[in-house]
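What follows is one structure encoded as structure tokens, with my remarks underneath.
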Amino acid sequence: MTQIVLTPGAATLADWRAIHGGADVVLHEDAWGAIAASAAAVARILAKGDAVYGINTGFGKLASVRIADEDLAALQRNIVLSHAAGTGAPSPVPLVRLMMALKLASLAQGASGVQVATVRLLADMLARGLVPVVPCQGSVGASGDLAPLSHMTATMLGVGEIFVDGIAVPAAQALADHGLTPVALGPKEGLALLNGTQFSTANALAGLFAAERLLATGLVTGALSTEAARGTDTPFDHRIHALRGHGGQIETAATLRALMAGSAIRASHAVDDPRVQDPYCLRCQPQVMGAALDVLRQAARTLEIEANGVTDNPLIFPDADEALSGGNFHAEPVAFAADMIALALAEIGSLSERRLAMLVDPALSGLPAFLTPLPGLHSGFMIPQVTAAALVSENKQRAAPCSVDSIPTSANQEDHVSMAAHGARRLLDMAGNLDAILGLELLAAVQGIEFHAPLRSSDELEAVRAMLRGVVPALVEDRHFAPDIAVARGMVERGAVLAACPLQLPVLG
């Protein structure tokens, strides 16, 4: 198993991708000194006797209420339990692990005033595979992801449930079974743990990693469809894209050229083809997929910065013994990034479905109607295209921006919120739809290519075709289609299409 040594403030996108994929997490040893210094600063600030938000006052609209010293521990416990008010299905375990690692990295920067023992418990839970049960709904993405992070924090107090090997176990029992003791929170600690953007950011990162895989897969299926339709690679000529200058467009055009290089199908109609131009779904792939790549890279830059930031409130500055109240918990950057990822997912799927629709139409593709040797008696790919259209429409509706919405909360104290949490949470569902859309295109494109036998495509695309045909036979006569779709979707979801293609495809970083 891969192990990621988490350096607070300096983790890479590759680190977060590996953690989401199941890598073990160890906090860099140099971080513990900063954590201790921050906790000590909180003690010194308290000793001054001043009212300091989040340390000896109420929260939100109740910030003007001063809390007595003897009630400070109860204050922190109360905020955790009262804010653990989420609802909905449990968040996926890989996502919650990523959220925990993001919170660990944030606390370890020494600006949150949390005790070493508290941070160590969070690290130990990660190391032992103890993953809190965190309901997926309840955050508006401002004043932090309060409800989801409170559910995480409650388990550190022995309240709530923890997934252990996929089974939900009472938190106190799960901790005890693994030799861990619930924490007693000190001043500032509860607020530090439940305040921040880690739930929204974890969801957005998970969506980003899926989008990266899907964009690369969409280039492969797009090249397969171009071959099936006996399309030309002239629109992918580097000179065209150099004149426009967009990096993603240049890179995706180069990928498409490489995927089709050496194809006998392409060579068979390179001269004297009566068709002047291919439809946009083939010809404009670099422009659409390249724009999606550029947008995803911008989202990746935003999320990498956010993942390395400190987003609770107030923030502790030990050098000056100051607690400064601000608004780093407002997840607007994450909300914008999530909207960008959603747009890219929707457009990749929309272009893929148009290629599939083109392949089943004999007037456009020159192939047998619905890609069946005996149209009429057999329906072939008629309804799979309808399924793709349904999924594309779902994703278009889900791609409407969430960041432009806001509902005031906390008695109007929190009067503008980002809606980043559900803006990011929708991404994995959208990615699941796109897994199926690209799986459907994969089935249709391979079927179409085989009508050109004995001509062969490029080595790269033939490798993908061979992988599919190893488990899904050609559609000669109508049969129960759902199992074929499930297999192809699974290939896309697991990254098997990319693994079968011996080419370096675009990555986000």
Just by modelled atom types, is the [Y] backbone N or O under 3.5 Å from a matching donor or acceptor in the [X] side chain?
{"X": "Asp339", "Y": "Pro401", "answer": "no"}
{"X": "Ser393", "Y": "Ala389", "answer": "no"}
{"X": "His246", "Y": "Gly248", "answer": "no"}
{"X": "Ser458", "Y": "Leu259", "answer": "yes"}
{"X": "Thr255", "Y": "Glu251", "answer": "yes"}
{"X": "Arg257", "Y": "Met260", "answer": "no"}
{"X": "Arg426", "Y": "Gly423", "answer": "yes"}
{"X": "Ser406", "Y": "Val417", "answer": "yes"}
{"X": "His241", "Y": "Ala253", "answer": "no"}
{"X": "Thr2", "Y": "Ala23", "answer": "no"}

To the nearest 0.5 Å, what is the distance between [atom1] ([X]) and [atom2] ([Y])?
{"X": "Leu440", "Y": "Glu353", "atom1": "CG", "atom2": "CD", "answer": "10.0 Å"}
{"X": "Phe236", "Y": "Arg283", "atom1": "CZ", "atom2": "CZ", "answer": "10.5 Å"}
{"X": "Leu303", "Y": "Leu205", "atom1": "CG", "atom2": "CG", "answer": "5.0 Å"}
{"X": "Arg425", "Y": "Gln137", "atom1": "CZ", "atom2": "CD", "answer": "4.5 Å"}
{"X": "Leu296", "Y": "Phe209", "atom1": "CG", "atom2": "CZ", "answer": "12.0 Å"}
{"X": "Phe370", "Y": "Asp361", "atom1": "CZ", "atom2": "CG", "answer": "7.5 Å"}

Subject >> Heavy-atom neighbours of Arg244 CZ exceed 12 at 6.0 Å >> reply: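 Counting neighbours around CZ of Arg244, 12 or fewer heavy atoms of other residues, nucleotides or ligands fall under 6.0 Å, so no.
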Subject >> Partner of Ile4 by side-chain contact (heavy atoms from CB on, under 4.5 Å), out of Asp24, Asp15, Leu27, Val26 >> reply: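 Filter result, single survivor: Asp15.
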Original post:
Hey, which of Asn195, Asp312, Val119 is the one that makes side-chain contact (heavy atoms from CB on, under 4.5 Å) with Ser112?
Top reply: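 When side-chain contact (heavy atoms from CB on, under 4.5 Å) is applied between Ser112 and each of Asn195, Asp312, Val119, only Asp312 qualifies.
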Please give me the minimum heavy-atom distance between [X] and [Y], naming the atom from each residue.
{"X": "Arg97", "Y": "Ile19", "answer": "NH1-O, 2.9 Å"}
{"X": "Pro8", "Y": "Ala31", "answer": "CG-CB, 3.9 Å"}
{"X": "Ser106", "Y": "Thr311", "answer": "OG-N, 3.9 Å"}
{"X": "Gly144", "Y": "Phe329", "answer": "N-CB, 3.3 Å"}
{"X": "Pro373", "Y": "Leu475", "answer": "CD-O, 3.9 Å"}
{"X": "Asn308", "Y": "Ala10", "answer": "OD1-N, 3.1 Å"}

I'd like to check [X] versus [Y] (side-chain heavy atoms, cut-off strictly below 4.5 Å). Are they in contact?
{"X": "Met152", "Y": "Leu122", "result": "yes"}
{"X": "Arg355", "Y": "Thr221", "result": "yes"}
{"X": "Leu371", "Y": "Val360", "result": "yes"}
{"X": "Trp16", "Y": "Leu102", "result": "yes"}
{"X": "Pro286", "Y": "Leu256", "result": "yes"}
{"X": "Leu443", "Y": "Phe481", "result": "yes"}
{"X": "Leu345", "Y": "Leu214", "result": "yes"}
{"X": "His238", "Y": "Ile250", "result": "no"}

Original post:
Yes or no on side-chain contact (heavy atoms from CB on, under 4.5 Å) for Glu227 and His452, after CA distance, side-chain angles and deciding distance?
Top reply: CA-CA 9 Å; Glu227 288 282 82; His452 304 311; over 6 Å; no
Does a side chain donor of either [X] or [Y] reach within less than 3.5 Å of an acceptor in the other side chain?
{"X": "Ser263", "Y": "Glu462", "answer": "no"}
{"X": "Gln285", "Y": "Thr252", "answer": "no"}
{"X": "Ser200", "Y": "Glu306", "answer": "no"}

Subject >> side-chain contact (heavy atoms from CB on, under 4.5 Å) assessment of Leu359 paired with Ser225 >> reply: CA-CA 7 Å; Leu359 289 177; Ser225 290; 3.6 Å; yes
**OP:** Apply side-chain contact (heavy atoms from CB on, under 4.5 Å) to the pair Met289 and Leu215, showing each step before the final yes or no.
**Re:** CA-CA 7 Å; Met289 300 294 277; Leu215 183 139; 4.2 Å; yes
Original post:
Would Asp435 and Arg213 pass as an ion pair if we require N to O under 4.0 Å?
Top reply: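 Yes.
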Original post:
Would you call Arg230-Asp278 a salt bridge at under 4.0 Å N-O?
Top reply: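 Answer for the salt bridge query: no.
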**OP:** Using the six-membered ring wherever Trp is involved, compare the ring planes of His330 and His416 and label them parallel, tilted or perpendicular (cut-offs 30° and 60°).
**Re:**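 Parallel: the ring planes of His330 and His416 meet at under 30°.
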Side-chain donor-acceptor distances from residues 489-497 under 3.5 Å, at least two apart:
residue : atom : partner : partner atom : Å
Arg489  : NH2  : Gly432  : O            : 3.0
Arg494  : NH1  : Gly490  : O            : 3.3

Original post:
Can you name the residues that form a side chain to side chain contact (heavy atoms under 4.5 Å, CB included) with Thr153, not counting sequence neighbours?
Top reply: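 Once residues adjacent in sequence are excluded, the partners of Thr153 under the side chain to side chain contact (heavy atoms under 4.5 Å, CB included) criterion are Val80, Leu193.
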Subject >> Asn328/Asn313 under side-chain contact (heavy atoms from CB on, under 4.5 Å): CA gap, chis, key distance, verdict >> reply: CA-CA 7 Å; Asn328 277 3; Asn313 181 62; over 6 Å; no
